[in-house]
Amino acid sequence: MHWIDKVSEALAKKGGKQVIASGISISGHVHIGHANDVFIADAIRRSLAERGAEGEAIWYADDYDPMRRVPWPLNKDALAEYYTHYLGFPYINIPSPDPSHKNFVDYFQRPFVDSLPAFGINVKIHSGAEVYRSGKMAGLTRTALERAGEIRKILNKFRKEPLPEEWLPYDPLCEKCGRIATAVAIYWDGNMVKYKCVGNDYVSGCGHEGEADFTKGQGKLTWRVEWPARWKLLGVTCEPFGKDHAVLGGSYDTGKLIAKKIFKKDPPHPIPYEWVSLKGEAMSSSHGIIFTLPQWLEVAEPELLRFLIFRSKPTKAKDFDPGMPFLDFYDEYDLIEEVYHRKAKAAKSKVAQISRIYELSQTGNVGKKMPQKPSFRFAAVLCQAVKGDEEKAVNIMKKRKVLARPTKADIEVSMKRLILASEWVELHAPANLRFSILDRLPGEVKSRISEKQRWGLKHIAMDISSKDFAAIDLHNHIYSVAGKAGIKPGEMFQAIYLALLGRTSGPRAGTFLTALDKDFVVKRLNEAAD
RNA sequence: GGGCCCGUAGCGCAGUCUGGCUAGCGCACCGGCCUUUUAAGCCGGGUGUCGUGGGUUCGAAUCCCACCGGGCCCGCCA
């Protein structure tokens with residue numbers, strides 16, 4: 001059984017409505033590593049639905065947390081100084097670097113959230129700032145303040161240096177300087193927490209002493225207490241989280257105890273997961289080593305990212321490389337699709353597992369028929385040869401038997417893939433895979449073509465204009481022309497590539513030439529031969 | 001100091017929870033074919049001390065213990 005289904009089975013067995021929580025701190029661009037969180041939560045929701053259990057997936061933006069570091073690209077040049085001023089501010093209160101977004105949070109969060117539907121993700125979105133400001137957290141905050149002593153004892157079990165006697169689990173928002181990370185709560189009474197803005201290790205305080213109304217969001221619970229409080233507030237029964245929280249004595253450990261003892265809440269079923277790296281490097285919002293959901297959708301089908309996440313166990317580290325290895329990755333996905341549709345063979349013991357991974361990779365329901373489409377590898381060449389001419393592309397794919405009596409849907413899927421491939425070639429493909437037809441034939445290129453090669457080009461041009469070659473026949477024909485010209489086939493091919501691409505290699509010549517406009521090819525070959 | 005993950009073919013991995021066919025898959029590679037350059041074709045081939053050592057067992061990649069190597073997380077701050 002797939003791990004997603006094991007979790008949903010365990011949850012369903014407990015009974016009642018299941019709430020699967022996910023979420024992150026909006027500390028910069030939200031990248032595909034963060035997608036783990038929501039994708040897992042949503043997949044469990046889906047699995048629960050399949051077994052008839054009630055479930056809801058949520059995504060919680062920690063947008064009321066303080067900015068501890070200025071993230072990329074705001075840490076560059078003039079912006080850096082401007083944003084350094086906002087260290088310690090709750091993200092939600094930091095301005096956007098561009099006027100088309102409401103604020104810092106909107107700027108970083110929107111591209112992520114807006115992309116979720118394209119990945120088939122259906123989650124309810126919550127905002128930490130909204131939760132605090134609306135007073136929804138007030139009751140639980142009061143409980144936490146009342147029982148600060150017990151909470152302190154729980155936390156101290158895991159700390160080297162115990163928290164001070166008068167410690168309170170509350171981070172007030174300094175009314176004077178606007179920071180939420182610099183004020184220390186001193187005591188509380190009624191709805192008010194008295195504080196002093198003393199600063200912390202990354203930003204200094206303003207020294208202000210004031211009072212924060214915790215029913216109005218003038219501060220927030222400290223993380224280790226906030227998390228279990230949130231479980232209680234939203235009735236969270238399951239939550240995937242990064243390995244940083246999963247450490248013994250980490251926030252899940254203390255959260256578990258606080259949830260049970262203070263908030264009378266069963267802690268959620270944990271799903272710790274590993275990070276996703278980018279070309280072997282850890283992704284980092286603050287350093288700009290990221291790959292975002294919109295970036296993904298530019299060059300790949302959404303199913304592929306789901307596949308990346310669900311193909312292996314959550315505790316397995318995953319690496320994503322949008323370069324050459326991406327083609328293999330695509331092939332693997334296509335293969336499991338074929339296995340699912342019984343078009344490819346796999347070990348009997350594997351078919352069920354592979355099929356389930358395929359299902360989980362889908363953004364919606366699985367189609368009954370497997371769509372016909374080119375491999376991504378092929379698409380990456382074809383799109384360059386036809387330069388956006390759909391009809392030509394379809395014809396070539398028919399000739400190549402990639403498409404056999406294609407339906408509208410087949411063509412749609414294939415075109416989509418061609419567009420993605422063309423973006424991929426542009427953005428991520430290694431240079432040697434990229435080619436483009438020369439608009440003009442520069443003299444410098446022409447001069448690299450020998451007398452004998454010219455003779456050959458001229459004859460090929462003549463033959464093409466007088467006859468419609470099938471790709472393979474043309475390919476063969478080039479060999480015979482090379483023979484007549486008294487040169488090696490390789491030299492003949494090189495001349496063709498030079499004339500069209502300005503370099504000595506390219507896609508398989510017969511298919512390549514037949515994929516191009518005939519008149520253009522004839523004209524160009526003649527031009528090179530003269 | 002504490003914890004987690006990983007170690008299986010040249011590379012990337014599945015299989016480990018729940019011990020049981022002859023340890024699989026993709027790519028690469030090798031051989032052959034397509035008169036056929038090429039990262040777009042086809043067929044065939046497994047190239048392996050399952051990190052090491054010990055234990056449990058009729059039986060271990062799988063469970064237990066120790067160790068080695070790699071990566072990561074936490075350690076007042078997600």
Side-chain angles (χ1 to χ4, degrees), chain A residues 1 3 6 23-25 27 62 65-66 68-69 88 155-156 158-164 167 171 181 200-203 222-224 226-227 241-255 272-275 277 280 282 311-319 321 324-325 327-336 339 344-350 353-354 357 374-382 385 396-397 400-402 429-430 432-433 435 471-472 474-480 482-483 488-497 504-512 515:
Chain A
M1 203 193 282
W3 53 273
K6 280 179 202 165
I24 62 146
S25 191
S27 58
D62 282 310
D65 288 8
R68 353 181 107 265
R69 252 187 314 197
L155 295 179
N156 280 345
F158 300 93
R159 294 170 66 97
K160 226 184 329 192
E161 250 177 72
L163 293 161
W167 175 86
D171 298 334
N200 60 27
D201 56 340
Y202 62 89
V203 62
T222 56
W223 164 246
R224 283 189 184 238
E226 173 179 304
W227 203 18
F241 47 84
K243 59 177 173 182
D244 49 337
H245 298 309
V247 177
L248 201 71
S251 50
Y252 181 73
D253 251 18
T254 54
Y273 60 82
E274 256 285 357
W275 309 134
S277 52
R311 75 204 288 227
S312 57
K313 280 177 290 196
T315 48
K316 193 95 181 174
K318 298 154 195 79
D319 184 53
D321 188 334
M324 199 60 129
L327 294 178
D328 293 338
F329 179 56
Y330 238 108
D331 283 346
E332 281 174 44
Y333 174 76
D334 284 351
L335 183 71
I336 69 156
V339 170
K345 273 182 274 177
K348 254 188 201 151
S349 53
K350 299 290 159 58
Q353 184 77 350
I354 290 172
I357 290 170
S375 70
F376 201 81
R377 208 177 285 277
F378 178 33
V381 174
L382 183 61
I396 294 171
M397 286 189 283
R400 293 277 306 166
K401 307 243 161 54
V402 168
N432 65 328
L433 226 69
F435 65 85
I472 186 68
L474 177 56
H475 195 80
N476 291 338
H477 188 67
I478 294 169
Y479 278 87
S480 67
K488 285 188 208 147
E491 292 176 82
M492 195 65 256
F493 284 108
Q494 289 182 358
I496 292 168
Y497 295 128
T504 55
S505 63
R508 195 176 175 107
T511 20
F512 180 48

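Proteins come first, then strands; the chains are lettered A, B, ... in the order of their sequence lines, and each starts at number 1. Everything numeric in this text was worked out from a predicted model, so none of it was measured.
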Which of these nucleotides, [options], is closest to any side-chain atom of [X]?
X: Val247(A); options: A78(B), C73(B), C13(B); result: C73(B)
X: Met324(A); options: A39(B), G26(B), A78(B); result: A39(B)
X: Lys243(A); options: A78(B), A39(B), C72(B); result: C72(B)
X: Lys6(A); options: A78(B), U37(B), C17(B); result: C17(B)

Is [Y] close to [X] at the side-chain level, that is, under 4.5 Å between some pair of heavy atoms?
X: Arg377(A); Y: Asp328(A); result: yes
X: Asp62(A); Y: Glu226(A); result: yes
X: Lys318(A); Y: Tyr273(A); result: no
X: Ser251(A); Y: Arg224(A); result: yes

Euclidean distance, atom [atom1] of residue [X] to atom [atom2] of [N] [Å, nearest integer]:
X: Ile478(A); N: U35(B); atom1: CD1; atom2: P; value: 15 Å
X: Asp62(A); N: A78(B); atom1: CG; atom2: P; value: 10 Å
X: Leu163(A); N: C77(B); atom1: CG; atom2: P; value: 8 Å
X: Asp328(A); N: C27(B); atom1: CG; atom2: C1'; value: 5 Å
X: Leu327(A); N: A28(B); atom1: CG; atom2: P; value: 11 Å
X: Trp223(A); N: G75(B); atom1: CH2; atom2: P; value: 13 Å
X: His245(A); N: C4(B); atom1: NE2; atom2: P; value: 18 Å
X: Lys316(A); N: G71(B); atom1: NZ; atom2: P; value: 16 Å

>> Would you say the rings of Phe241(A) and Trp227(A) are close, in the sense that their centroids are separated by under 6.0 Å?
In response: yes
[N] and [M]: how far apart are their [atom1] atoms, nearest whole angstrom?
N: U47(B); M: C34(B); atom1: P; answer: 28 Å
N: G69(B); M: A60(B); atom1: P; answer: 28 Å
N: G48(B); M: A9(B); atom1: C1'; answer: 5 Å
N: C13(B); M: C77(B); atom1: C1'; answer: 37 Å
N: U62(B); M: A23(B); atom1: P; answer: 14 Å
N: G46(B); M: G24(B); atom1: C1'; answer: 11 Å
N: G7(B); M: U16(B); atom1: C1'; answer: 13 Å
N: G44(B); M: G3(B); atom1: C1'; answer: 49 Å

Taking any heavy-atom pair under 4.0 Å as a contact, classify [X]: base, sugar-phosphate, or nothing.
X: Asp319(A); result: nothing
X: Ser251(A); result: nothing
X: Arg68(A); result: base
X: Leu335(A); result: sugar-phosphate
X: Phe158(A); result: nothing
X: Ser312(A); result: sugar-phosphate
X: Asn200(A); result: nothing

> Under the side-chain hydrogen bond (donor to acceptor under 3.5 Å, both in side chains) criterion, do Thr222(A) and Asp171(A) qualify, and how do the steps go?
Replying inline: CA-CA 6 Å; Thr222(A) 56; Asp171(A) 298 334; 5.4 Å; no
> If only atom types and distance count, is the side chain of Asn200(A) paired as donor or acceptor with the main-chain N or O of Val203(A) below 3.5 Å?
Replying inline: yes
> Does Thr315(A) reach the main-chain N or O of Glu274(A) with its side chain, forming a donor-acceptor pair under 3.5 Å?
Replying inline: no
>> Using OP1 and OP2 only, check whether a side-chain N or O of Lys313(A) sits under 4.0 Å from G15(B).
In response: yes
>> Reading RNA chain B from 5' onward, which residue's closest nucleotide shows up sooner: Gln494(A) or Arg311(A)?
In response: Arg311(A)
>> Can you work out whether Asp65(A) or Arg377(A) has the more 5'-proximal nearest nucleotide on RNA chain B?
In response: Arg377(A)
> Is the base of U37(B) touched by the side chain of Tyr497(A) through a donor-acceptor pair closer than 3.5 angstrom?
Replying inline: yes
> Can you find an N or O donor on one side and an acceptor on the other, under 3.5 Å apart, linking the side chain of Glu274(A) with the base of C5(B)?
Replying inline: no
Counting only Watson-Crick or G-U wobble pairs whose two distances fall under 3.5 Å, which nucleotide matches [N]?
N: A14(B); value: none
N: C67(B); value: G51(B)
N: G1(B); value: C74(B)

